[in-house]
2 protein chains.
Amino acid sequence: MSPKKKAPSNRRRAAVSIREVARRARVSIATVSRTVNGISSVDPDLAKRVWKAVAEVGYVPNTQARALVSGRSRILGLIVSEITNPFFPELVQEFENLAVAQGYEVMIGSTNYDPVRTESLIQRMLQRSVDGVAVMTFGIEEEQVQKLVEHEFPLVFVDAGPELPNIRVLKVNYAQGIREAVQHLAALGHRQIAFISGPLRMRTAVTRRDAFRKSMAELGLNVPDASIVEGDHTMEGGKAAMERLLALAELPTAVICSNDMTAIGVLHALDETTHQVPRDISVVGFDDIHLAQFMLPPLTTVQMSCRELAAAAVQGLRAGIEPNHPKAAQREWPIATRLVVRRSTDFPRGSLPARRTPAARRRNGVAAK
Amino acid sequence: MSPKKKAPSNRRRAAVSIREVARRARVSIATVSRTVNGISSVDPDLAKRVWKAVAEVGYVPNTQARALVSGRSRILGLIVSEITNPFFPELVQEFENLAVAQGYEVMIGSTNYDPVRTESLIQRMLQRSVDGVAVMTFGIEEEQVQKLVEHEFPLVFVDAGPELPNIRVLKVNYAQGIREAVQHLAALGHRQIAFISGPLRMRTAVTRRDAFRKSMAELGLNVPDASIVEGDHTMEGGKAAMERLLALAELPTAVICSNDMTAIGVLHALDETTHQVPRDISVVGFDDIHLAQFMLPPLTTVQMSCRELAAAAVQGLRAGIEPNHPKAAQREWPIATRLVVRRSTDFPRGSLPARRTPAARRRNGVAAK
DNA sequence: AAACGCTGCGCAAACGTTTTCCGGCCTTTC
DNA sequence: GAAAGGCCGGAAAACGTTTGCGCAGCGTTT
């Protein structure tokens with residue numbers, strides 16, 4: 001209509017720019033930039049004028065331009081294995097909350113254990129020039145790591161990672177929680193305790209399994225090879241693994257699983273038999289996902305706190321990104337694990353026949369209370 | 001060390017730029033840009049030179065610069081209610097796969113039903129200048145919508161949304177699947193069917209409940225007010241709602257839930273009583289999350305396909321973003337729902353006493369087979 | 001043979017910031 | 001009272017792209 005302005009062009013929308021604010025506050029764009037970025041050298045009166053103008057015109061700094069010139073995107077990459085595994089959304093949630101609270105955006109990607117997909121994911125993160133990446137996959141192909149490492153931006157790994165200056169590692173203390181689990185079962189009277197591991201190509205799966213072996217050995221309990229079977233950290237895998245255990249000549253009285261999804265699969269497998277949990281077989285999970293307490297019966301499990309993990313990851317990344325961060329030199333960040341006892345564990349069947357636990361009573365259809 | 005170049009500066013890393021490629025291919029940067037963006041007017045020979053140079057120096061276009069000048073970030077916003085509700089990761093996964101395959105990145109955010117959080121989320125999306133936003137929360141505060149709408153970029157809503165040119169709506173056919181569920185139960189002999197809704201401030205919860213009422217009315221089945229209770233789409237809510245139903249004078253023989261998480265809560269509540277599923281009470285969920293088939297017993301549920309939803313959302317957004325997209329004019333995108341029968345539904349207890357279903361037998365500790 | 005149109009490449013102007021450098025003013029000190 | 005120094009704000013140069021515009025070269029038409 002009115003020809004006074006330049007043609008509106010076909011661009012998206014004339015977002016209000018720093019210039020508009022500067023004009024309105026009668027200062028230079030440099031001053032606006034400084035004010036908005038909280039640089040203290042700007043005069044309070046001017047700052048007030050600037051903020052007023054900002055509010056009036058509804059100015060929002062253009063992130064792209066900002067990133068372009070400063071070289072920092074204020075985006076953190078977060079790589080997980082499988083977003084559909086309930087453990088990870090919980091982690092993502094915590095990570096995102098913390099990152100956003102600290103002024104960062106999050107770019108999420110799940111590898112689905114697929115190297116090609118991972119490759120593309122890393123590529124995309126590079127392309128968006130994230131400021132750092134947290135690789136929370138609990139094991140990633142050596143080759144992929146290399147790719148990330150050579151671009152030398154801040155990285156956080158879980159369990160293990162290359163010994164390089166801007167790489168930080170979240171050291172999960174698996175031994176602690178798993179020992180508690182084994183001792184809990186042993187205290188209840190279990191002697192034949194089986195273990196369903198994660199996929200053994202994953203470093204973390206091996207670590208967890210070894211922690212189990214060690215804890216058993218500490219108590220002088222024997223672990224026949226047959227009672228350690230490999231799962232894949234999915235419900236399907238847990239179900240299949242349990243079916244293999246059920247085929248054994250001598251059944252275990254308790255099963256510890258490398259994660260909660262596996263444990264859910266185990267419950268499912270047992271539901272298709274006459275064995276009841278925990279009456280005939282006790283089951284222990286790992287992770288303590290929210291769902292664990294809603295299983296039937298609620299799952300005894302080793303808790304690995306998402307919040308702790310996420311907090312350490314975000315802090316670790318910031319330590320690498322921001323110059324003179326207080327914990328810049330800290331390479332290893334410890335993460336604790338602890339047992340949470342619920343109703344999927346109980347005395348082994350034969351041990352105390354006279355005593356019936358509440359959980360067992362319920363399962364047999366006798367009204368509780 | 002060597003003073004020939006300018007100081008390396010404290011910037012992140014000297015990413016190889018389009019200029020380097022241009023020099024190497026002995027063309028202008030404009031030609032490189034055109035080649036990389038697949039603009040056909042460039043001579044095949046030159047293009048080959050350019051691609052060679054790109055490969056040699058490992059050129060990756062700088063997304064920020066690209067977005068800055070073109071005004072398009074190639075990022076799609078995806079707003080969900082709760083990333084920790086298993087339905088959403090599945091949706092996110094599908095959405096992301098499709099978006100990435102079509103050259104877009106995804107920025108995810110969950111509202112957690114918190115207006116403040118939602119506000120900030122929208123703000124952040126604006127700031128990152130996403131090309132469009134899919135609001136897959138199944139109900140969002142009117143006020144928030146307004147905020148999004150006024151910035152007039154392409155939007156996709158579920159169920160309902162303002163009648164505006166670049167807004168598209170995914171019309172989920174709740175009636176279809178819920179009718180199938182009601183008819184399935186009725187066919188088994190159920191007459192007292194209860195319904196646990198979502199939080200009624202959510203439009204979608206009301207819609208689903210009304211679909212239930214309508215389907216019941218079609219069959220001439222009575223629905224007393226007391227047998228429709230409000231849940232909140234969480235396990236906790238489902239459990240609490242079922243406990244309210246259990247306090248009723250006349251117990252329903254079947255319960256349909258507004259989503260699967262609610263149904264899981266229901267199973268949990270029933271597990272704490274003497275009622276068994278499906279022997280005493282049949283349970284139907286909604287969504288068909290992956291977990292549904294791993295419940296004990298596996299959940300009969302109404303499937304709403306994540307893939308379908310995600311595909312429609314991505315297409316809908318692209319239709320709004322890209323000029324002359326084939327389906328640019330299509331405002332409503334239909335989404336089907338269908339019943340998936342598993343083992344949480346069966347004949348009502350009294351109806352055929354002689355007949356015991358496999359599921360019931362298992363539950364009573366009699367070996368199947 | 002000349003003129004016209006078309007194709008395809010290069011030049012250079014944006015895009016909206018951050019950040020360096022420089023100059024001016026005010027304060028302080030001798 | 002003058003010089004020196006410090007502080008604060010503005011001008012302008014990047015950052016790495018996309019894209020409008022003009023121009024050269026070539027083929028076709030009159």
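Predicted model, so just to flag it, every value in this text is computed and none were measured. A, B, ... follow the sequence lines: proteins, then strands. Residue 1 opens every chain. Hydrogens, waters and symmetry mates are skipped; everything else that's a heavy atom, side chains included, is used.
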Let me check something: any side-chain donor-acceptor pairs from residues 156-168 of chain B under 3.5 Å, sequence neighbours excluded? List them with distances.
from, atom 1, to, atom 2, distance (Å)
B:D159, OD1, B:Y174, OH, 3.0
B:D159, OD2, B:Y174, OH, 2.9
B:D159, OD2, B:T204, OG1, 2.9
B:N166, ND2, B:E152, O, 3.4
B:R168, NH2, B:A328, O, 2.6

If only side-chain N and O atoms of A:S28 are considered, is one of them under 4.0 Å from the OP1 or OP2 phosphate oxygen of D:dG10?
->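 So the side-chain polar atoms of A:S28 do come within 4.0 Å of the phosphate oxygens OP1 or OP2 of D:dG10, strictly under.
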Pair listing, salt bridge (Lys or Arg N to Asp or Glu O under 4.0 Å) test, anchored in residues 105-130 of chain B, at least two apart =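 Those involving residues 105-130 of chain B are A:E96-B:R124, A:E105-B:R124, A:R124-B:E105, B:E119-B:K147.
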Grab the [atom1]-[atom2] distance between [X] and [N] for me, whole Å please.
X	N	atom1	atom2	answer
B:L68	C:dA13	CG	P	17 Å
A:I29	C:dT18	CD1	C1'	9 Å
A:R19	C:dA14	CZ	C1'	10 Å

Pair A:Q64-B:S73, side-chain donor/acceptor within less than 3.5 Å |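 No donor-acceptor contact under 3.5 Å links the two side chains.
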Contacts of type side chain to side chain contact (heavy atoms under 4.5 Å, CB included), residue A:V57, not counting sequence neighbours =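 A:V16, A:E20, A:V21, A:R24, A:Y59.
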Apply the side-chain contact (heavy atoms from CB on, under 4.5 Å) test between A:F153 and each candidate in A:I321, A:L126, A:L317; give the one that qualifies.
->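 Exactly one option meets the side-chain contact (heavy atoms from CB on, under 4.5 Å) with A:F153, and it is A:L126.
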Please work out which residues in residues 31-53 of chain A have a non-hydrogen atom less than 4.0 Å from an atom of DNA chain C and list them by number.
->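 The answer is A:S33, A:R34, A:N37.
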For DNA chain C, determine which residues of residues 54-66 of chain A have any heavy atom closer than 4.0 angstrom to one of its atoms, and list them numerically.
->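 A:Y59, A:V60, A:P61, A:N62, A:A65, A:R66, in order of number.
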Between A:A30 and B:S17, which is nearer to the 5' end of DNA chain D once each is assigned its nearest nucleotide?
->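 In this pair, the answer is A:A30.
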Roughly how bent is the helix from C:dA1-D:dT30 to C:dC30-D:dG1 end to end, in steps of 10 degrees, with each end axis from five pairs?
->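 Computed from the C1' atoms at both ends, the axes differ by 50°.
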